[in-house]
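This report concerns only the one structure given below.
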Amino acid sequence: MPDLQFAVDVLARLRAEEKDRYDERAYLFVLQAVEFIQTTLEVRRHVTGAELAWACRDLAVQQFGLLAPQVLAYWGVSRTGDFGCIVFTLVRAGLLSTQPRDREEDFAAVYEFATAFSEPYAWTGVATLR
């Protein structure tokens, strides 16, 4: 139950900060992506906007597979700049912190969704059925 209470508290803070710009699950997903990227590092550290944007992509592919871009779009996320908006909303809600030089623009145009989400499924050969 503690996880459920945490989620309820997080969502209450977010509703106070941002009015329906993104689906609530998008905010929880970005928090999950922060933890996801930390598990790939040797030592926990501050990550850049670009690093987190790529972590969001990798986590989305891992969780949703081929449907990753559609799930994110359903939540209102269609470009890497949306991750920046979400991160800085989480910062204003007191759920994440930044370094003095961090900016929301650090997330802008890190990658194109159409390209980034098609890469892991690139066809590498021809299969024949006999």
Side-chain angles (χ1 to χ4, degrees):
M1 246 352 170
D3 289 339
L4 179 59
Q5 185 57 48
F6 173 76
V8 170
D9 292 345
V10 166
L11 294 175
R13 286 192 214 174
L14 294 174
R15 284 187 201 106
E17 280 295 323
E18 193 80 21
K19 301 294 183 207
D20 300 323
R21 181 165 185 182
Y22 302 101
D23 188 283
E24 294 169 345
R25 290 168 286 192
Y27 297 97
L28 298 175
F29 174 81
V30 169
L31 288 173
Q32 186 180 9
V34 170
E35 285 305 309
F36 174 78
I37 193 171
Q38 292 297 335
T39 65
T40 68
L41 303 173
E42 289 184 27
V43 178
R44 290 181 75 88
R45 64 171 173 79
H46 180 77
V47 297
T48 66
E51 289 173 320
L52 184 53
W54 281 108
C56 288
R57 179 247 180 225
D58 293 345
L59 181 60
V61 168
Q62 182 180 24
Q63 287 189 342
F64 309 118
L66 292 170
L67 294 176
Q70 288 81 9
V71 170
L72 292 172
Y74 183 76
W75 292 344
V77 178
S78 60
R79 56 188 179 84
T80 58
D82 291 324
F83 294 130
C85 292
I86 292 169
V87 165
F88 278 82
T89 298
L90 291 166
V91 168
R92 287 190 301 275
L95 297 166
L96 289 178
S97 62
T98 59
Q99 297 293 315
R101 64 179 177 236
D102 290 336
R103 302 170 317 160
E104 193 171 318
E105 294 80 28
D106 296 341
F107 292 84
V110 173
Y111 54 81
E112 291 294 325
F113 267 45
T115 304
F117 284 104
S118 65
E119 287 175 3
Y121 309 105
W123 187 254
T124 58
V126 177
T128 58
L129 298 175
R130 294 182 190 225

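Everything quoted here is computed from the prediction, not taken from an experiment. Computation of the quantities below employed the complete heavy-atom set of this structure, encompassing side-chain atoms and omitting hydrogens, waters and symmetry-equivalent molecules.
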Report the residues that fulfil side-chain hydrogen bond (donor to acceptor under 3.5 Å, both in side chains) with Glu51, sequence neighbours left out, ordered by chain and then residue number.
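For Glu51, the residues satisfying side-chain hydrogen bond (donor to acceptor under 3.5 Å, both in side chains) (neighbours in sequence not counted) are Arg45, Thr48.
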If you compare all heavy atoms of [X] against all heavy atoms of [Y], which two are closest, and at what distance to 0.1 Å?
X     : Y     : value
Ala26 : Val77 : CB-CG2, 4.0 Å
Ala55 : Ala33 : CB-O, 4.1 Å
Ser97 : His46 : O-CE1, 4.4 Å
Ser78 : Asp82 : N-OD2, 2.8 Å

Do [X] and [Y] have side-chain heavy atoms sitting under 4.5 Å apart?
X      : Y      : answer
Ile37  : Thr40  : yes
Phe107 : Leu52  : yes
Leu67  : Tyr74  : no
Arg57  : Val61  : yes
Gln38  : Val47  : yes
Val91  : Asp102 : no

Do any pairs count as a salt bridge (Lys or Arg N to Asp or Glu O under 4.0 Å) and have a residue in residues 62-78, sequence neighbours left out, and if so which ones?
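Not a single pair qualifies under salt bridge (Lys or Arg N to Asp or Glu O under 4.0 Å).
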Tell me whether Glu112 at atom CD has more than 12 heavy atoms from other residues, nucleotides or ligands lying less than 6.0 Å away.
no
Any chance you could lay out the ring-ring contact (aromatic ring centres under 6.0 Å, His included) test for Tyr111 and Phe113, step after step, and finish with the verdict?
CA-CA 6 Å; Tyr111 54 81; Phe113 267 45; 5.8 Å; yes
Once the angle between the rings of Phe29 and Trp75 is folded into 0 to 90°, is it parallel (under 30°), tilted (30 to 60°) or perpendicular (over 60°)?
tilted
